[in-house]
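Structure, as structure tokens:
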Amino acid sequence: MNDRSEATCTLGEAMIYQIARTIEDGIVAFHGFGSPLVQLALHLAKRTHAPRLVLVAGATYGVNPTPPFLTPTTNDWVMNRGAECHLDIEELFDLAASGRVGRMFLSGLQIDRFGNLNVTCLGQERLQLKLPGGGGGCNLSCDVEHVTIWTGAHRATVDPKGRRRFRLVESCDFITSVGHRTAEGRTRSEMRYRGRGPDRIVTELGIFDFDESGHARLAAVYPDVDVATVRENTGFEFPVRDDLSSVPLPTPEMVEFIRALDPLKIHERELGLKERARRFSLG
Amino acid sequence: MNDRSEATCTLGEAMIYQIARTIEDGIVAFHGFGSPLVQLALHLAKRTHAPRLVLVAGATYGVNPTPPFLTPTTNDWVMNRGAECHLDIEELFDLAASGRVGRMFLSGLQIDRFGNLNVTCLGQERLQLKLPGGGGGCNLSCDVEHVTIWTGAHRATVDPKGRRRFRLVESCDFITSVGHRTAEGRTRSEMRYRGRGPDRIVTELGIFDFDESGHARLAAVYPDVDVATVRENTGFEFPVRDDLSSVPLPTPEMVEFIRALDPLKIHERELGLKERARRFSLG
Amino acid sequence: MNPAVHTQADKRCELAELVAHVREGDCIAIGGGLSWREPMAALRELVRQRIGKLRLVGSAHGIDVDLLCGAGLVAESAESYVGFEQDFGMAPNYRRACESGAVEVRDSCCYTLVQQLRAAIAGLPFMPIRSVRGTGFMALHPEYKTMICPFTGEELVLVPALRPDVAILHAQYGDARGNLCIEGPPVADILFARASKKVIATVEKLVPPEELAEKGVTIPYFYVTALAEVPYGAHPTACYPFHAYDRRHTAEYYRLASEGAEGFHDGYLQPYAYGCASQAEYLEAIGGAAVLERLACWQESPDAWMKLYE
Amino acid sequence: MNPAVHTQADKRCELAELVAHVREGDCIAIGGGLSWREPMAALRELVRQRIGKLRLVGSAHGIDVDLLCGAGLVAESAESYVGFEQDFGMAPNYRRACESGAVEVRDSCCYTLVQQLRAAIAGLPFMPIRSVRGTGFMALHPEYKTMICPFTGEELVLVPALRPDVAILHAQYGDARGNLCIEGPPVADILFARASKKVIATVEKLVPPEELAEKGVTIPYFYVTALAEVPYGAHPTACYPFHAYDRRHTAEYYRLASEGAEGFHDGYLQPYAYGCASQAEYLEAIGGAAVLERLACWQESPDAWMKLYE
């Protein structure tokens, strides 16, 4: 491999590192299906700062697997090779409901300021677009201790009619999984959910945390992104941390690890062509 | 083996046959621990008239096992040899609660006229005698479709103070498992139990069924027992069927089968020495 | 009233007979998940027999549900996910059917489904669950009720027992009595088997009872209504250790499904479902021995395995 | 508040250290059942450390509960059965302790226990159950509540979640990380492991993680707090395939227990518990190699096996 590739990381690799940094050691963490960025982040975390992580792979429910490579579908024997043991589907969700799952990762085609997500359907009055659905996200967003929200498509697009389509929206057409406030404005503590809700939104533009009111707040941006860019691509107003920082970048060893585990570059499928071309110097 | 043993059966063997006759083909039937007469009856039924019986062994929860011999404790690998598969403890009870267990077998140190049983403790005001307890009998007596009640100690004994001690009593000191009427006199249909309750009491003196009111009714006696004997050994008044009969006896082949499966004569431990000596001619 | 137990000595039958256990309008639980161990041969037989108005319940699914939607057999979907993940994306036939109103959208969530199945398994009218409140699923499911917990004072959701009419499963091994052995993730198959009124299964291989007991029984025979030996019955989804996921065929499926209802009917349903009287004909249609050998090569090496996803 | 998960890399420890996880007054779930896989070595260590006022929950038990009662360590019993079946009959120490009032009788039933453990496992305040109503157990357990089902109008019993402080198990195999493999009937061990705050286990044999994964993990490591390798840790109950039930020793136990508290203390507790600083000393006390060989001979033939019960 050439010098350049050694000296830089891609946006995808940088995002994987941002997600990995949200994962504590010694907890049970679970990823759903169709989330290669998260799968790689979990393996990276376990390989680096979280060796005691109980990594439960989505779909196979294999515990601490060591897959030879990443596949485009999650319920594949490739993905649970070397698993220490397996859980039943009900066992994983019981662990979450009893407060024993420390972190889960959720995404959405709509993400609002409180971290509510929609992956069920678009259209208020009538159904305009049926989305695949949220799997267990609805239950886990209530039960799991912490949630990392991520998306590789923060950047707003323009639809055929010339309207800007936001991923981070003013409000969700349907609430598939809950953040810090319900549609009726009730807080998590009022709802007496077991979990504490999302504490990060990792996107290809930056990273949000949540302020005391449960509102998304910009905490960091990528080296090639400024706050204005984040604002014009976000469907709601948001506060910015005084100590706004540039996202930390992975070490070359981490990048090597990611590339070795994902030779098919499955994780890039979460990113648009333009985003895939972004590179950051590790120098 | 000599002619006599071929030509006769013991009381225990006759009782095993009576219990076996209460078992329908094609159902799930379950026996608890400490019930060798019932274990043998289930194996006899499956070997004869109920080949499609789903025989679930108590304690091991082995399904259709073929033990080489009967042991004095039920949770022993001897007892689940050859099992087709095994259930979890919760699976068996779920099957009962969902109405899929056709028959269960229960006994008691006290048995009342409605088939309520006590295996928990003796003494009304204060605890006089702590009994081992009912295992899952409480739950199963409500849920299982049919219950066969059995005891090898119907015959009343005389205690040190000269008082007659009945097994079939006027009323139970504690209701461990329910029959056709609760202590408050409520019927099973009022209680909306899933199961229909006991339909037989098999003892070493005779067999009771239950009349429309859910009251035990003498239906058959052993060749060496008359109704008067049953009456003087029973703590409550009971009706007698007009077609009172003598219990049918097993075939020599059935007796052979029982003796082959219980070489240690474990089942005789449910019977007093006097009862063990009883023989019936199969001629 | 009470669910049956199935104890006939020999439950083997032909695929057509097996699938005939499904009635129009039935509530169906499809085993497997995503690209793993879907009972595709049984579903194609459903398509051939045109048994429709089906109400689907399940967790994370893909081509199985999309196929039935493409064939117009689905009236209602209560799945928690239907799609092709990062592999191909949204499910074309499923989307069309939902957006046209042909399929009533009753989306559910994995744990909600688990709790509803557990209620059926335990013969209870409902199961409590602490989550779901505050999401759009409460409005989508007016049958859910809430209660204030008499122990803690908190609000709980009560989800009613869910007893599917038929569970359709594909397992690696089975015996004539109906015992099933599933290797690898069972997904929700065990819950479906325990909760459903009828369980019909296709298996890669029928084996003698002793051999099955040796491998280990995943689903005891008395839950199972009938089964048929249908090798490659999960194709194009994976049924390891026998064969891997057929991504090439799935890509073709996706391309045709994306062309619209007609394109899918003429390009896929005709040649692969209606046009195949048997599984043997289907296996020829998808490329025969050459393809099957390719899918069996996953065990040779990680590289050989990886090539199947390129 | 939330139950912990246990992820330390090496959970191996000595028996004394293992049992020290139990605190006076704890609610204890003992694994195994009747004469099968009872964690007897751990219980004898409890006796040596004199950790008392224990509240016991469980299904069908025998010598394990009777031993603790005989040593005066039990304050309350919510077992569903405590006895020696047709083998020897009622449990002498247990009876004495209950009848003297030393042990509060809180008898439960198997399915009630299962539902209470399931509530804890699912993080719910309670589980519904249709049975129990109409029995004496309602009065024995004022903590049970009833409700009218909003779906069916029938009365249901709500049994509260049961989260034991410590589950004490004996498994055949374990690894340093705490994964446990149980061969043969797990009884309620898996439910106990999932529901309890702490899980401590003795194992016949510690094996490398790969070997354990090969055998199959019954209880994943993150439920397990600590474990110790204690061969014959279930004696005199059976731990197949290693050894059968020691009926001779149990007969002696029963004879001494039947002689009354003092006879049991001097005749059994002294020589077999207090008098043995280690499991090695205990194994000598019960007859050493000769006895252990006799208990291993069950595999030779059904006749050899049968002789163990004569």
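Just so we're clear, the structure is a prediction, and the values are computed from it rather than from any experiment.
Atom-to-atom distance recorded for C:Ile121:CD1 and B:Ser98:OG is 8.5 Å, nearest 0.5 angstrom. One finds the CZ atom of C:Arg118 at 10.0 Å from the CG atom of B:Asp94 (value rounded to the nearest 0.5 Å).
Under the 4.5 Å side-chain criterion, counting only non-hydrogen atoms from C-beta, B:Ile27 is not in contact with C:Phe222. The closest side-chain heavy-atom distance from B:Arg100 to C:Tyr223 is below 4.5 Å. Annotation: side chain of C:Val217 is not in contact with side chain of B:Glu84 (no heavy-atom distance under 4.5 Å). Here the side chains of B:Asn64 and C:Arg177 are in contact, with some heavy-atom distance below 4.5 Å. Contact of the B:Val63 side chain with the C:Pro220 side chain is not registered, since no non-hydrogen atoms from C-beta on lie closer than 4.5 Å.
Side-chain N or O atoms of B:Arg52 include none that pairs as donor or acceptor with a backbone N or O of C:His6 at under 3.5 Å.
Within a 6.0 Å sphere centred on NZ of C:Lys145, heavy atoms belonging to other residues, nucleotides or ligands number more than 12. Under a cut-off of 6.0 angstrom, the local environment of CD in C:Glu14 is sparse, with at most 12 non-hydrogen atoms contributed by other residues, nucleotides or ligands. Counting non-hydrogen atoms of other residues, nucleotides and ligands closer than 6.0 Å to CD of C:Glu214 gives a total of 12 or fewer. In C:Arg12, the CZ atom is not crowded: 12 or fewer heavy atoms of neighbouring residues, nucleotides or ligands sit closer than 6.0 Å. The neighbour count for B:Arg47 CZ, taken as heavy atoms of other residues, nucleotides or ligands under 6.0 Å away, does not exceed 12.
Contacts between C:Ala161 and chain B at a heavy-atom distance below 4.5 Å are absent for every atom of the residue. Proximity to chain C (any heavy atom under 4.5 Å) is restricted, for B:Leu53, to the backbone atoms N, CA, C and O.
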